[in-house]
S.K.: 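This is the structure I have questions about; it appears just below.
We're numbering straight along the sequence, starting at 1. Both counts, for ligands and for their atoms, begin at 1 and track the order of listing.
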Amino acid sequence: MAHTFVIFGASGDLTSRKLIPALYQLSRKNRLPADTRIVGFSRTPYTHAAWRTELSEAIAKSTGDRFDPQLWAKFAERIFYHAGDIGQPDDFDRLANFLDDLEKDPDSTRIYYLATAPQFYEPAIEQLGRSGLAKENTCRRRVIIEKPFGTDLASAKKLNAVVHAVFNERQVYRIDHYLGKETVQNLLVLRFANTIFEPIWNRNYIDHVQITVAEEVDVGSRAAYYDKAGVLRDMFQNHLLQLLMITAMESPIRYEADAIRDEKVKVLRGIRPLTGNQVCQDTVRGQYRGYLSHKGVAPGSRTATFAAIKLYVDNWRWQGVPFFLRSGKVMSCRTTQIVVQFREPPYMLFPDGPRSVAESNRLVIQVQPAEGIQLHFETKVPDAGMKLRQTDLEFSYQREFRGAIPEAYERLLLDALEGDASLFARADEVVAAWAICDPILAEWQASDKPELHVYEPGYWGPFECTEWMLSQGREWFDTCPVLKCFNA
Ligand code: BG6
């Protein structure tokens with residue numbers, strides 16, 4: 001079956017940094033369907049050859065020594081370019097003719113990738129509809145929409161309406177690249193392909209869950225975008241809530257897109273909304289020192305670059321178990337981890353100095369880097385009476401499987417080519433996620449509370465967040481993953 005992959009926003013950063021490298025890797029691994037063409041569409045006037053050359057330089061840069069000019073040359077034969085402007089209906093008509101001429105097979109599946117700035121999503125979709133490019137006869141048409149999907153609840157609903165006026169939901173693939181990460185998919189496997197976790201994966205055994213996405217980088221050249229978005233829109237509405245959904249969901253009835261997404265949406269619907277004063281009590285905001293000096297940041301900006309939020313999922317499994325979510329820029333280290341903290345043992349049997357209880361078990365899922373899982377448990381220290389210490393059982397992707405972990409986009413693009421939407425967000429999912437974030441954003445803006453704490457670069461966010469967690473009777477698991485090198 002032939003496929004045509006059309007990228008809108010072809011001259012942009014996402015295309016050269018993520019999309020083309022992912023397609024190239026798929027081709028290198030012989031996973032790209034043989035008859036797949038890639039067509040770039042943007043305003044910059046390139047010839048096919050000029051675009052190929054520009055992309056090859058970007059790939060050579062990103063793959064370094066591993067760049068294979070021969071393989072690239074073969075792959076580049078599949079790449080084409082068609083200049084056009086999303087604001088010009090004629091350009092879509094011309095694109096339609098170009099694609100018809102290019103495709104030898106009239107039944108080619110077409111995938112339109114919206115990699116443009118978000119304000120062009122709606123006009124691009126409208127033009128795809130008007131020009132007949134979205135129409136399915138005997139062939140398949142799909143659209144992949146990059147994040148952000150809207151900037152709030154109202155805009156996400158509006159964007160969904162525009163999309164649905166042209167495409168059926170089954171044709172729509174909303175990207176959240178976290179779902180393309182191996183370790184995030186492995187969370188599904190950990191939970192639903194092993195019997196030992198399910199019986200304890202609930203309020204009877206789990207005290208709380210921490211989901212941390214800490215970044216070392218600052219907002220850099222994206223400051224103008226970021227200043228309008230802030231950490232809640234940029235990280236929580238999508239990535240952190242995705243991690244929460246997969247941690248908290250019930251087992252889907254089968255591994256199939258809608259069955260999975262039905263269960264995920266139920267988690268979001270079960271989240272107790274935070275509004276008014278509750279927002280002040282259950283959230284922490286921060287801004288790193290130096291943020292205001294980035295070019296593109298408004299003077300005196302109140303944008304949060306760090307946040308921590310306590311959420312409850314109101315259902316039988318999770319009633320009373322807090323989920324602590326936090327994310328920030330310019331923190332101590334880059335780490336995405338899910339910490340499942342189990343309850344304390346009911347009674348300390350062993351005389352271990354002043355400790356009245358043994359430390360609780362903890363399951364740490366290292367999403368990145370140092371991908372793996374650790375189970376922390378108490379052990380007897382040898383030759384020291386009945387002294388106990390926390391030790392861990394460790395699974396490391398590197399040690400177990402060697403080889404580099406593929407980029408999230410590889411899996412996602414392949415799934416979209418094959419028509420599997422399991423790892424893409426559905427319309428109701430993005431709406432439900434915004435419904436959780438909107439009231440928090442509204443309260444932050446209306447009351448300017450809780451206080452926006454300035455934090456020093458290189459720490460775990462504001463010191464007040466550590467205190468806030470202590471006031472919840474818990475402690476953050478502030479540990480940078482240890483990157484070990486395992487020789488083959
Ligand atoms: C993006 C955000 O969606 O995710 C960025 O816009 C953030 O601000 C990035 O840096 C983090 O992704 P990853 O895969 O590096 O954890």
S.K.: When you check the side-chain N and O atoms of Gln185 and Arg411, is any donor under 3.5 Å from an acceptor?
M.R.: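 Yes, a side-chain donor-acceptor pair sits under 3.5 Å.
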S.K.: What protein heavy atom sits nearest atom 12 (O) of ligand 1, and how far off is it?
M.R.: His177 NE2, 3.1 Å
S.K.: Tell me whether Thr336 reaches ligand 1 (any heavy atom closer than 4.0 angstrom to a ligand atom).
M.R.: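 For ligand 1, residue contact (heavy atoms, under 4.0 Å) with Thr336 is absent.
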S.K.: For the residue pair Tyr113 and Thr15, confirm or rule out a side-chain donor-acceptor distance under 3.5 Å.
M.R.: no
S.K.: Please could you name the atoms of ligand 1 that His239 approaches to less than 4.0 Å, counting only its heavy atoms?
M.R.: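 Within the 4.0 Å cut-off of His239, ligand 1 contributes 1 (C), 3 (O), 4 (O).
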S.K.: Counting heavy atoms only, which of Gln368, Glu407, Arg222, Lys147 is nearest atom 3 (O) of ligand 1?
M.R.: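 Shortest heavy-atom distance from atom 3 (O) of ligand 1: Lys147.
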S.K.: Should the pair Glu464-Arg285 be classified as a salt bridge under the 4.0 Å nitrogen-to-oxygen rule?
M.R.: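 Salt bridge between Glu464 and Arg285, a charged N being under 4.0 Å from a carboxylate O: no.
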S.K.: Can you check whether Lys329 has an N/O within less than 3.5 Å of an N/O in ligand 1?
M.R.: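 Such a contact does occur with ligand 1.
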S.K.: Quick one: does Tyr225 get an N or O within less than 3.5 Å of an N or O on ligand 1?
M.R.: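 Among all N and O atoms of Tyr225, none is under 3.5 Å from an N or O of ligand 1.
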S.K.: Considering only heavy atoms of Asp234, which atoms of ligand 1 have at least one such atom less than 4.0 Å away?
M.R.: 2 (C), 5 (C), 6 (O), 8 (O)
S.K.: Tell me, which protein residue and heavy-atom name are nearest atom 15 (O) of ligand 1, and how many Å apart are they?
M.R.: Arg334 NH2, 3.9 Å
S.K.: For Ser155 and Asp152, test the side chains for any donor-to-acceptor distance below 3.5 angstrom and give the result as yes or no.
M.R.: yes
S.K.: Tell me the protein heavy atom at minimum distance from atom 11 (C) of ligand 1, and give that distance in Å.
M.R.: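 The closest one turns out to be Glu215 OE2, 3.5 Å.
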S.K.: For Arg317, is there an ion pair with Glu198 - N to carboxylate O distance below 4.0 angstrom?
M.R.: yes
S.K.: Could you tell me whether Asp234 and Arg222 have a side-chain N and a carboxylate O separated by less than 4.0 Å?
M.R.: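 Looking at Asp234 and Arg222, the cut-off is met.
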S.K.: How far is atom 16 (O) of ligand 1 from its nearest protein heavy atom, and which residue and atom is that?
M.R.: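 The closest one turns out to be Tyr178 OH, 2.5 Å.
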S.K.: If we ignore hydrogens and angles and just use 3.5 Å, is the side chain of Glu256 paired with the main-chain N or O of Ala259 as donor and acceptor?
M.R.: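 Yes.
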S.K.: Any nitrogen or oxygen of Tyr226, side chain or backbone, less than 3.5 Å from one on ligand 1?
M.R.: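 Among all N and O atoms of Tyr226, none is under 3.5 Å from an N or O of ligand 1.
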S.K.: Please list, in number order, the atoms of ligand 1 under 4.0 Å from a heavy atom of Lys181.
M.R.: 13 (P), 14 (O), 16 (O)
S.K.: Test Asp262 against Arg426 for salt bridge (Lys or Arg N to Asp or Glu O under 4.0 Å), laying out the working first.
M.R.: CA-CA 9 Å; Asp262 286 346; Arg426 203 168 58 186; 2.9 Å; yes
